[in-house]
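The structure appears right after this line, and notes come after that.
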Amino acid sequence: LDDIIEPVKLTKKTSYQDVGGLKEEIRLLREAVELPLRYPELVQDLGIKPPKGVLLYGPPGCGKTLLAQAVAQEVEATFFSVKGPEFLSPMHGQSEKRLRQLFAQAEKKAPSIIFFDEIDAFAFDRSRATATFEATLVAQFLSLMDGFDRRGQVVVIATTNRLDILDRALLRPGRFDYRIRVRLPELADREQILRLHTTKMPLDEHVQIQELAEKTSGYTGADIAALCAKAALIAVSRALGQDMNRWPAALDKDISSRIRVTTADFT
Ligand code: ATP
């Protein structure tokens, strides 16, 4: 059976405002992706070729996917999202075929962004490849990237948290010309991420976001999102009453007004 690659419908509207911190990363992404997609004639008049690929690298959970979704939605590009490990089909030639389908679909539905999560799953240094299919897959990927017409308005955004093991050929000019490091959030970034993930919460007046930002040194954005979600659930649970067997069958307004997320809930 042919598996047809379909674009991903992004149900939740993600914009740059939904990304906490990462201002320089957003600026670079807009320059590399948004500018050429939005103003192709400007770029053409300058006689230059816009980047075909952007590599986002850094530790997991720091907003790489979020950034790619935000840029795709801001430019209203068709978004194809795939994961590197999905292409590790041991069936001879299957993965190469899927890759070709993916690029063909993206060109057809342009302007498009192909989001390749964990590209290192197959695009690692070929001398490390354990099977020939892995090596031919990298070769196929490179030839597809070289092959598509830049005016075709297709951009590949790939992520990795192992820049060190990537096949160096990916980094040659004309491929991933923009490489953007997405690092662990610093204090000011953590404060913004905390604010984003608590905007809808009824926070107790004693909750100091600044203080929470200081306490969460070393946390990724994903860790902070999880911390906030847990805090909210603890607060809701408290409002409902500690005895779970006596939780009401239906909610009344009174309960929602009793929810208060306190500092102690962020543990
Ligand atoms: P992975 O490498 O594991 O795919 P990633 O870097 O792509 O990780 P995301 O999937 O973008 O990380 O982040 C996971 C979740 O963490 C997001 O959906 C979001 O809720 C939260 N998050 C991470 N970074 C940020 C950020 N900078 N601002 C707001 N939320 C963030």
Side-chain angles (χ1 to χ4, degrees), residues 8-30 32-34 53-75 77 79-88 113-124 155-166 170 176 178-201 203 207 209-210 212-234 261 265-266:
V8 175
K9 295 239 178 325
L10 295 169
T11 44
K12 195 172 146 256
K13 177 96 185 99
T14 307
S15 72
Y16 301 128
Q17 272 81 44
D18 298 307
V19 183
L22 305 180
K23 293 292 169 266
E24 180 57 13
E25 291 82 352
I26 292 174
R27 194 192 67 73
L28 284 167
L29 200 59
R30 294 190 67 177
V33 181
E34 186 176 333
V54 175
L55 190 65
L56 301 174
Y57 68 97
C62 289
K64 297 187 288 299
T65 309
L66 210 56
L67 281 171
Q69 289 178 342
V71 75
Q73 294 208 356
E74 297 269 356
V75 296
F79 192 68
F80 292 86
S81 178
V82 289
K83 279 186 185 288
E86 285 171 28
F87 286 85
L88 292 182
I113 287 176
I114 304 179
F115 179 65
F116 246 104
D117 207 5
E118 301 173 56
I119 195 157
D120 47 277
F122 70 81
F124 49 81
V155 182
V156 180
I157 301 181
T159 77
T160 181
N161 35 53
R162 291 299 308 275
L163 189 64
D164 56 315
I165 62 162
L166 274 198
L170 252 68
F176 289 98
Y178 270 69
R179 299 189 274 278
I180 306 175
R181 179 164 171 201
V182 183
R183 54 186 93 214
L184 269 183
E186 293 182 3
L187 182 67
D189 304 320
R190 292 197 302 275
E191 186 177 334
Q192 285 184 35
I193 300 172
L194 279 158
R195 287 195 197 284
L196 279 173
H197 286 276
T198 53
T199 39
K200 291 186 179 169
M201 293 184 197
L203 292 177
V207 173
I209 295 290
Q210 173 86 41
L212 287 174
E214 280 162 21
K215 279 194 197 148
T216 45
S217 165
Y219 279 47
T220 65
D223 292 335
I224 295 175
L227 179 76
C228 295
K230 204 170 144 206
L233 287 179
I234 293 172
V261 186
D265 298 332
F266 293 89

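Side chains are part of it too, since the values below use all heavy atoms of this structure and drop only hydrogens, waters and symmetry mates. Along the sequence shown, residues carry numbers from 1. Ligands are counted one by one from 1 in listed order, and the atoms in each one are counted from 1 as well.
Side-chain atoms of E34 and Y16 form a donor-acceptor pair, as typed in the model, at a separation below 3.5 Å.
The line from CD of Q17 to CD1 of I26 is 8.0 Å long, rounded to the nearest 0.5 Å. Rounded to the nearest 0.5 Å, atoms CD1 (I157) and CD1 (I113) are 4.5 Å apart.
At a threshold of 4.0 Å, the pair D120-R162 does not count as salt-bridged, since none of the basic side-chain nitrogens sits closer than that to a carboxylate oxygen. Ion pair R27/E24 flagged as a salt bridge, since at least one NZ, NE, NH1 or NH2 atom sits closer than 4.0 Å to an Asp/Glu carboxylate oxygen.
Looking from atom 22 (N) of ligand 1 to the surrounding protein, the closest heavy atom is G221 C, 3.6 Å. For atom 7 (O) of ligand 1, the closest non-hydrogen atom of the protein is T65 OG1, 2.5 Å. Protein heavy atom closest to atom 13 (O) of ligand 1, with residue, atom name and distance, is G63 N, 4.0 Å. For atom 8 (O) of ligand 1, the closest non-hydrogen atom on the protein side is G61 N, 2.7 Å. Of all protein heavy atoms, the one closest to atom 2 (O) of ligand 1 is K64 NZ, 3.2 Å.
Looking at I193 against ligand 1, only its side chain comes within 4.0 Å, counting heavy atoms. Contacts with ligand 1 closer than 4.0 Å are made by heavy atoms of both the backbone and the side chain of P60. Only the side chain of H197 comes within 4.0 Å of ligand 1, counting heavy atoms alone; its backbone N, CA, C and O stay farther away.
Atom numbering of ligand 1 starts at 1 in the shown order; those under 4.0 Å from a heavy atom of G20 are 26 (C), 27 (N), 28 (N), 29 (C). For ligand 1, the atoms lying closer than 4.0 Å to a non-hydrogen atom of A222 are 14 (C), 16 (O), 21 (C), 22 (N), 23 (C). Residue D117 approaches ligand 1 through these ligand atoms, each under 4.0 Å from one of its heavy atoms: 4 (O). Every atom of ligand 1 is numbered from 1 in the order shown, and the set under 4.0 Å from a heavy atom of L66 is 11 (O), 25 (C), 26 (C), 28 (N), 29 (C), 30 (N), 31 (C). Atoms of ligand 1 lying under 4.0 Å from any heavy atom of L22, numbered from 1 in the order shown and given with element: 27 (N).
Note: an N/O pair closer than 3.5 Å links C62 and ligand 1 by distance alone. The N/O atoms of L196, backbone and side chain alike, include none that comes under 3.5 Å of an N/O atom in ligand 1.
If you run side-chain contact (heavy atoms from CB on, under 4.5 Å) between R190 and each of D223, L184, T216, T220, only T216 comes through. L67 pairs with exactly one of V33, I180, V54, V19 by the side-chain contact (heavy atoms from CB on, under 4.5 Å) rule, that one being V19.
Under a 4.0 Å heavy-atom criterion, D18 is in contact with ligand 1.
Contact annotation: the side chain of F115 approaches that of F79 to within less than 4.5 Å [non-hydrogen atoms, C-beta and beyond]. The shortest distance between side-chain heavy atoms of V207 and V261 does not fall below 4.5 Å.
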Task: Stepwise salt bridge (charged side-chain N to carboxylate O under 4.0 Å, His left out) test for R195 and E191 - done: CA-CA 6 Å; R195 287 195 197 284; E191 186 177 334; 2.8 Å; yes
